[in-house]
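Written out below as structure tokens is the structure these notes cover.
Counting starts at 1 for both ligands and their atoms, in listed order. Numbering of residues begins at 1 and proceeds along the displayed sequence.
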Amino acid sequence: MGLIVQKFGGSSVANTERIQNVARIVTDTYAKGNNVIVVVSAQGDTTDDFIEKAAEVNENPSKREMDVLLSAGEQISMSLLAMAIEKLGFPVKSLTGWQAGFLTDSNYGMARIRRINNERIENELGKKNIVIVAGFQGLNRYDDITTLGRGGSDTSAVALAAAFHADLCQIYTDVDGVDTADPRLVKNARKLDEISYDEMLELATLGAQVLHNRSVEMAKKYGINLEVVSSLERKPGTWVKEVTDVEKMLIKGVARDNDVARISIIGLEDKPGIAFRIFSILAAKKINVDIILQSIGRDGTKDISFTVSRSHKDAAVAVLEEIKKSLGAHDIVCEDNISKISVVGAGMQSNPGVASKMFEALTDANINIQMISTSEIKISVLIDIADSERAVVAIHDAFMVDYIK
Ligand code: ADP
Ligand code: ASP
Ligand code: MG
């Protein structure tokens, strides 16, 4: 008996049958004597459909109005799930993010949770209600609706688990847990029984959509007992926790991120302060830079290339065009037909040869590497997007040969 937070993603509540299925999972948990807080996402492709609808009306709507629109999807799910639970004869209350006390900053479309006012949920739990909360949304200090970024309902769930000192936070989804690669891309991907917070954070940041990266960050910070589990089959999922048995597997997973654009500044003056100027001006515009590569200076000039998310591409090129002359640059080139493929695993810290194994797999598949970046527990390469699926499969096969059935 305890307090359990259960989050159900869009595919888990996509239609009436799925909502009834979720209602059964939730009421079974409640019937065992637990307090239950449920977080729901918008049904199926609702959020994508809203984005398309908005574009039909205005190709450049304000972020504030986008958040008003997008937050509506979760409200539909929460009420339908509450009705399905009522039908099963259990006490239930659905709450929007703001009714549930979610206060965020004002970064519309990518807001961060500042605080949760516990009062209302505590009150409802005290009355023995099952509480359903709309994920992905909150209110800023001007009482305006904000959303937490795509996939943000995971973060709503983990934040509630932290705020209410939950015994367990379960993320129910449409796959069996966290796998060694996206099972939609790699047929023989295998479910992991456990993964460390740090490895999961890397995988989530590098494109594994199964958890929102901020949810993992928060789970690590508050030591949340986190399980990723299937809503469609009742079987054990993946535990995300502080430490795992790193000896068992060298690499925990392969991830792909196609939301990448590369910008190259050609023919820069080869003198101190150039990189500082470029990256400080990008930072001032809140443009996140990922992999950076600088060529060796030759004949007094050098090139700098870096990657950004595609949504930041135009803004980055625009600010660089403004300072191009003063940097002495010849040209600014932008490409977005690229993909970032990464391998993640704490095991690589103590085992040499991971990079060479990854590069060998790419060589055997005749795939050219354009840029490389490494950290303690990950190696990423940039490649042509046309090769990305083949690359994930080839790398996965090379590392997982000993583990896959
Ligand atoms: P939800 O709607 O439940 O939030 P998401 O679509 O956000 O679900 O995340 C689940 C999806 O993440 C899966 O359907 C799968 O295609 C994708 N995915 C990518 N990488 C992985 C991985 N390593 N393990 C499991 N799923 C992954
Ligand atoms: N509905 C939102 C999205 O599609 C939030 C979520 O699913 O977590 O991104
Ligand atoms: Mg999700």
Options His212, Arg150, Lys7, ranked by nearest heavy atom to atom 9 (O) of ligand 2, top entry:
Arg150
Hey, is ligand 2 close enough to Ser41 that some N/O pair sits below 3.5 Å?
yes
Looking only at the side chains, is there a donor atom on one of Arg256 and Ser388 sitting less than 3.5 Å from an acceptor on the other?
yes
Is there a nitrogen or oxygen of Asp154 sitting under 3.5 Å from a nitrogen or oxygen of ligand 1?
no
Distance from atom 3 (O) of ligand 1 to nearest protein heavy atom, with residue and atom:
Thr173 OG1, 2.7 Å
Would Arg115 and Asn117 count as having a side-chain donor-acceptor pair, cut-off 3.5 Å?
yes
Protein heavy atom at shortest distance from atom 12 (O) of ligand 1:
Val210 N, 3.6 Å
Residue Glu119 excluded, over 12 heavy atoms near CD under 6.0 Å
no
Do the side-chain N and O atoms of Asn140 and Thr146 include a donor-acceptor pair separated by under 3.5 angstrom?
no
Could you check atom 5 (P) of ligand 1 against the protein and tell me its nearest heavy-atom contact, residue, atom and distance included?
Gln209 NE2, 3.7 Å
Could you find the nearest protein heavy atom to atom 14 (O) of ligand 1 and give me its residue, atom name and distance?
Arg184 NH2, 2.5 Å
Between Ile76, Val92, Val40, which is the residue that forms a side-chain contact (heavy atoms from CB on, under 4.5 Å) with Leu81?
Val40
Specify the protein heavy atom at minimum distance from atom 15 (C) of ligand 1: its residue, its atom name, and the distance to 0.1 Å.
Asp182 OD1, 3.3 Å
Between the side chains of Ser339 and Asn258, does any donor sit under 3.5 Å from an acceptor?
yes
Exactly one candidate in Ile263, Val308, Ile281 meets side-chain contact (heavy atoms from CB on, under 4.5 Å) with Ile287; the answer is Val308
Please check if the side chain of Lys63 supplies one atom and the backbone of Met110 the other of a donor-acceptor pair under 3.5 Å.
no
Nitrogen or oxygen of Ala208 less than 3.5 angstrom from that of ligand 1
no
Can you tell me if Ala189 has a non-hydrogen atom under 4.0 Å from ligand 1?
no
Looking only at protein heavy atoms, identify the closest one to atom 2 (O) of ligand 1 and say how far it is in Å.
Gly10 N, 3.0 Å
Residue-ligand contact Ser12/ligand 1, heavy atom below 4.0 Å
no
If we ignore angles and hydrogens, is there a donor and acceptor under 3.5 Å between the side chains of Gln6 and Thr29?
yes
Side chain, backbone, both or neither: Ser153 near ligand 1, heavy atoms under 4.0 Å
neither
Which heavy atom of Ala261 sits nearest a heavy atom of Asp336, and at what distance?
CB-CB, 4.0 Å
Nearest non-hydrogen protein atom, atom 4 (O) of ligand 1:
Lys7 NZ, 3.1 Å
Closer than 4.0 Å to some heavy atom of Gly177 - which atoms of ligand 1 meet that?
24 (N), 25 (C)
Polar side chain donor-acceptor pair, Glu199 to Ser196, under 3.5 angstrom:
yes
Which ligand 1 atoms are under 4.0 Å away from a heavy-atom of Asp179?
22 (C), 23 (N), 24 (N), 25 (C)
Starting from atom 2 (C) of ligand 2, what is the nearest protein heavy atom, named by residue and atom, and what distance separates them?
Glu74 OE2, 3.5 Å
Just say parallel, tilted or perpendicular for the rings of Tyr172 and Phe8, cut-offs at 30° and 60°.
parallel
For ligand 1, is there an N or O atom under 3.5 Å from any N or O atom of Ser41?
no
Gly73 touching ligand 2 at heavy-atom level, < 4.0 angstrom:
no
Does ligand 2 come near enough to Gly151 that some N or O of the ligand is less than 3.5 Å from an N or O of the residue?
yes
With atoms numbered from 1 as shown, which atoms in ligand 1 lie under 4.0 angstrom from a non-hydrogen atom of Asp174?
10 (C), 13 (C), 14 (O)
Classify the side-chain pair Asp154/Ser215 by whether it contains a donor and acceptor separated by less than 3.5 Å.
no
